[in-house]
Amino acid sequence: MLVERLRREASLARTSLGYAPSLIIDVDGTVIAGDDDDSALVDTVDNRVDADIADDVVAVVREGLSNAARHARAASVQVRVSVLGYGPTGRVVVDVEDDGAGVDPSVTRRSGLANLAARARRHGGTFAIGVNERGQGSLMSWQVPLT
């Protein structure tokens with residue numbers, strides 16, 4: 001189950017971050033609640049996101065949290081996974097945002113980020129990383145079509 005796997009990644013990241021990251025999972029704008037899930041929404045996630053894409057979503061979340069822990073010196077990190085629509089017009093979006101140091105332009109070795117971009121391209125999607133909307137910290141955004 002994708003929701004369970006994402007929660008596990010967020011829980012594991014707590015050790016390296018020193019605090020629990022915020023994890024928000026939504027389906028068409030409806031947020032899946034904490035431990036007392038709406039099982040219908042959890043099932044919807046699994047029904048809409050195929051196993052290959054789900055594996056990549058988990059890898060993207062893992063890498064985003066790892067980057068925040070290693071480089072951002074952030075006080076908070078938010079992961080948002082959104083499943084929007086159905087089939088060929090639907091998409092899954094993963095945003096990892098922190099309030100840390102932002103992306104260091106002097107760092108040229110970015111194999112983890114290159115891997116995320118390749119995962120997005122493989123599914124006909126996009127990947128970007130840059131300064132978040134507040135201008136402090138970074139926003140990593142990855143999205144792919146559901147089919």
Non-hydrogen side-chain atoms of D56 and W142 separated by less than 4.5 Å: yes
- request: Please round to the nearest 0.5 Å and tell me the distance separating atom CZ of R80 and atom CG of D95.
  value: 8.5 Å
- prompt: Taking side chain as C-beta onward, heavy atoms only, is V83 less than 4.5 Å from D26?
  reply: no
field: Of all pairs that satisfy side chain to side chain donor-acceptor pair (under 3.5 Å), the ones with a partner from residues 9-20, not counting sequence neighbours
entry: E9-R62
task: Taking D98 for its side chain and G137 for its backbone only, find out whether a donor-acceptor pair lies under 3.5 Å.
output: no
query: Quick one: are I129 and L139 in side-chain contact, heavy atoms under 4.5 Å?
result: no
- line: Heavy-atom nearest pair, L65 first then A13, reads CD1-CB, 3.7 Å
message: In the structure I gave you, are the side-chain heavy atoms of V94 and Q143 within less than 4.5 Å of one another anywhere?
response: no
task: Specify the closest pair of heavy atoms between D99 and A75, including all atoms of both residues, with the distance to one decimal.
output: OD1-N, 2.8 Å
- prompt: So do V92 and V144 actually touch side chain to side chain, heavy atoms under 4.5 Å?
  reply: yes
query: Heavy-atom count around R119 CZ within 6.0 Å, excluding the residue itself: above 12?
result: yes
- prompt: Less than 4.5 Å apart, any side-chain heavy atom of V93 and any of L84?
  reply: yes
Check against side chain to side chain contact (heavy atoms under 4.5 Å, CB included), L41 and I25: CA-CA 10 Å; L41 280 178; I25 304 168; over 6 Å; no
message: Salt bridge check, R48 against D28: does any charged N sit closer than 4.0 Å to a carboxylate O?
response: yes
- line: Smallest heavy-atom separation, A68 atom then V77 atom, equals CB-CG2, 3.7 Å
message: Using 0.5 Å steps for rounding, measure from the CG atom of L17 to the OG atom of S66.
response: 9.0 Å
- request: Please say whether the positively charged group of R121, taken as NZ for Lys or CZ for Arg, lies over the ring of F127, i.e. under 6.0 angstrom from the six-membered ring centre and within 45 degrees of the axis.
  value: no
- request: Using the salt bridge (Lys or Arg N to Asp or Glu O under 4.0 Å) rule, take R5 and D55 through it: C-alpha gap first, then chi angles, then the decisive distance, then the call.
  value: CA-CA 9 Å; R5 293 173 66 196; D55 288 346; 3.0 Å; yes
query: If you group Ile, Leu, Val, Met, Phe, Trp and Tyr by side-chain heavy-atom gaps below 4.5 Å, do L6 and M1 land in one group?
result: yes
Student check: side-chain heavy atoms of V3 and R8 closer than 4.5 Å: no
- prompt: Any idea which heavy atoms bring I53 and L146 closest together, and the distance?
  reply: CD1-O, 3.6 Å
- request: Measure the spacing between CE of M140 and CD of E97 and express it to the nearest 0.5 Å.
  value: 11.5 Å
- prompt: Taking C-beta and beyond as the side chain, do V42 and L2 meet within less than 4.5 Å on heavy atoms?
  reply: no
